[in-house]
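Residues: numbered from 1 along the sequence shown.
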Amino acid sequence: MNKGYLILEDGTRFSGESFGYPINKKGEAVFNTAMVGYPESLTDPSYMGQILVQTFPMVGNYGMPSWEKDPSTGIDLFFESGKIWVQGLIVADYGKNHNHWNAVTSLEARLKEEKVPALSGIDTRALAKHIREHGSMKATIVIDGVMDDAIDENFENRNLVAEASIREVVKYGSGKKKILFVDCGTKNNIMRQLITPDVTLIRVPWDFDLSSVEYDALFVSNGPGDPTKCGRTVEELKKAFAGNKPSFGVCMGHQLFGLAAGAKITKLQYGHHGYNQPIREVGTDRCFITSQNHCYCIDATNLSADWAEWFVNLNDGSNAGLRHKTKPFFSTQFHPECCGGPRDTLFMFDHFLQSVINK
């Protein structure tokens, strides 16, 4: 293996060994505290533009599954999308000898196939501590022997939702109830939760004219980047909220709900990335462990009088959920679909689907 380096924009340098594709890359370094689920994390579009640091020591020991798709829907069976989105991967210990029932290749081979650089032998505990204290920042993966300079792709200035969103309308199922699914860069498991015999799921681009089709309920997915760049979606949501159709937003969708409800957006110092984020339901003692993956959050102090906070993050007090006081609209900063993470809040999809079916 060639030597490789992760160089943070403040000059801090970590050295390790390359086990991915030999290319130099720039991105925003963020750390994920999950113990499992790296195939799902790597293929989560919310990581677009980011260098993923896994804090769990050993990564790669259960390999990577196939790109096999569900024959009834065409959705990947084992991944959150059809490609790896991260700019690069950083781990402490790469498990070279993988063993798992559905593994068809190694993590190293899949990273090389997707042209994604990766470093092992990095002190990820020290790296995560540095990011936690100084904030997420740009970083560069540099591989010995690779002469080309890493290109700054300026992800922070782009509308990443527009880049990650589907381009054309796609329908799944043939149920009587129509859910309009706004794809902002969705994870596949969200769609898996919503495709039921009672539902026709109509997946549309991020800037779709919601008034152009008839539907019974609205869902807005997760996605990458800065939600304030999605003004078109926010305006469509404002018009939709004038009605009374059940509406549910997750992660990016939650932030867009917040903007439509009058809230402001702030960027967290180092974001929430992992499967162990504790939240509490406002006004109760009910707490849940949740899966989260975001760098931005809602400042709920400017919400309109019709909306209220539903959940708060117990680590830092940031907003983790909203709901309308009189209409069937709600959203969560966390991921109830939990693919790779806890199942504590999976009931929210049941709640949403029941509101659709019974309407």
Side-chain angles (χ1 to χ4, degrees), residues 1-44 47-65 78-80 83-100 102-134 136-150 270-271 273-276 293 340:
M1 291 186 178
N2 289 347
K3 292 286 291 183
Y5 307 90
L6 180 72
I7 306 172
L8 304 183
E9 65 179 333
D10 65 3
T12 306
R13 176 186 294 249
F14 295 84
S15 62
E17 294 183 331
S18 168
F19 71 95
Y21 189 78
I23 189 173
N24 300 330
K25 281 282 188 176
K26 283 184 180 289
E28 182 182 33
V30 299
F31 65 87
N32 184 306
T33 57
M35 297 175 67
V36 295
Y38 61 81
E40 291 86 355
S41 293
L42 292 172
T43 54
D44 180 352
Y47 278 117
M48 184 180 183
Q50 296 177 332
I51 295 173
L52 175 60
V53 179
Q54 292 281 16
T55 61
F56 188 71
M58 180 177 283
V59 176
N61 55 310
Y62 54 89
M64 291 287 275
F78 305 115
F79 293 107
E80 290 304 305
K83 61 174 283 188
I84 292 177
W85 290 88
V86 301
Q87 286 290 91
L89 177 65
I90 308 295
V91 305
D93 182 12
Y94 170 58
K96 297 178 182 179
N97 300 313
H98 66 274
N99 184 19
H100 194 264
N102 74 345
V104 298
T105 189
S106 67
L107 172 59
E108 178 180 1
R110 185 59 55 77
L111 290 169
K112 289 178 177 178
E113 177 186 321
E114 296 275 307
K115 294 183 169 51
V116 178
L119 300 178
S120 65
I122 302 290
D123 185 346
T124 53
R125 181 173 180 174
L127 175 54
K129 183 178 179 180
H130 188 88
I131 294 172
R132 189 180 64 204
E133 292 176 352
H134 299 280
S136 299
M137 64 184 77
K138 280 190 176 181
T140 306
I141 294 175
V142 177
I143 310 299
D144 269 359
V146 176
M147 302 308 295
D148 293 335
D149 290 334
Y270 51 86
H273 312 277
Y275 302 151
N276 51 4
N293 181 22

Fill in: Residues L42, R110; criterion side chain to side chain contact (heavy atoms under 4.5 Å, CB included); working and verdict
CA-CA 11 Å; L42 292 172; R110 185 59 55 77; over 6 Å; no

How close do [X] and [Y] get, counting heavy atoms only, and between which atoms?
| X | Y | result |
| --- | --- | --- |
| A29 | I131 | O-CD1, 3.9 Å |
| G63 | Y38 | O-OH, 2.7 Å |
| L111 | G20 | CB-CA, 4.3 Å |
| S41 | Y275 | OG-OH, 3.7 Å |
| A139 | L8 | CB-CD2, 3.5 Å |

Worksheet item: So F19 and L107, side chain to side chain contact (heavy atoms under 4.5 Å, CB included) or not? Walk me through it.
Response: CA-CA 9 Å; F19 71 95; L107 172 59; 4.2 Å; yes

Discussion item. Can you confirm whether M35 is buried at CE, in the sense that more than 12 heavy atoms of other residues, nucleotides or ligands lie under 6.0 Å from that atom?
Written reply: no

Fill in: Flag if over 12 foreign heavy atoms under 6.0 Å of NZ, K96
no

Roughly how far, to the nearest 0.5 Å, is the [atom2] atom of [Y] from the [atom1] atom of [X]?
| X | Y | atom1 | atom2 | answer |
| --- | --- | --- | --- | --- |
| E113 | S106 | CD | OG | 10.0 Å |
| T43 | F78 | OG1 | CZ | 12.5 Å |
| L119 | Y94 | CG | OH | 13.5 Å |
| Y21 | E108 | OH | CD | 14.0 Å |
| I141 | N24 | CD1 | CG | 9.0 Å |
| Q87 | I51 | CD | CD1 | 7.0 Å |

Are the side chains of [X] and [Y] in touch, meaning some heavy atoms are under 4.5 Å apart?
| X | Y | result |
| --- | --- | --- |
| K25 | K115 | no |
| F31 | L127 | no |
| M64 | F79 | yes |
| E133 | K129 | yes |
| N2 | V146 | no |
| Y47 | N293 | yes |

Worksheet item: Step by step, would you call V36 with Y62 a side chain to side chain contact (heavy atoms under 4.5 Å, CB included)?
Response: CA-CA 10 Å; V36 295; Y62 54 89; 4.0 Å; yes

Discussion item. Does N61 form a side chain to side chain contact (heavy atoms under 4.5 Å, CB included) with N99? I'd like the steps, not just the answer.
Written reply: CA-CA 6 Å; N61 55 310; N99 184 19; over 6 Å; no

Worksheet item: Sequence neighbours excluded, which residues qualify as side chain to side chain donor-acceptor pair (under 3.5 Å) partners of H98?
Response: none

Discussion item. According to side chain to side chain donor-acceptor pair (under 3.5 Å), who are the partners of Q54, at least two apart in sequence or on a separate chain?
Written reply: none

Fill in: Residues N276, T33; criterion side-chain hydrogen bond (donor to acceptor under 3.5 Å, both in side chains); working and verdict
CA-CA 8 Å; N276 51 4; T33 57; 2.9 Å; yes

Worksheet item: Is it true that a side-chain atom of T55 and a backbone atom of N32 form a donor plus acceptor pair closer than 3.5 Å?
Response: yes

Discussion item. Between Q50 (side chain only) and V30 (backbone N and O only), is there a donor and an acceptor less than 3.5 Å apart?
Written reply: no

Worksheet item: What is the ring orientation for F14 with H130, classed by angle as parallel under 30°, tilted 30 to 60°, or perpendicular over 60°?
Response: perpendicular

Fill in: Where at least one partner belongs to residues 138-150, residue pairs that pass side-chain hydrogen bond (donor to acceptor under 3.5 Å, both in side chains), sequence neighbours excluded
K26-T140, K138-D152, K138-E156

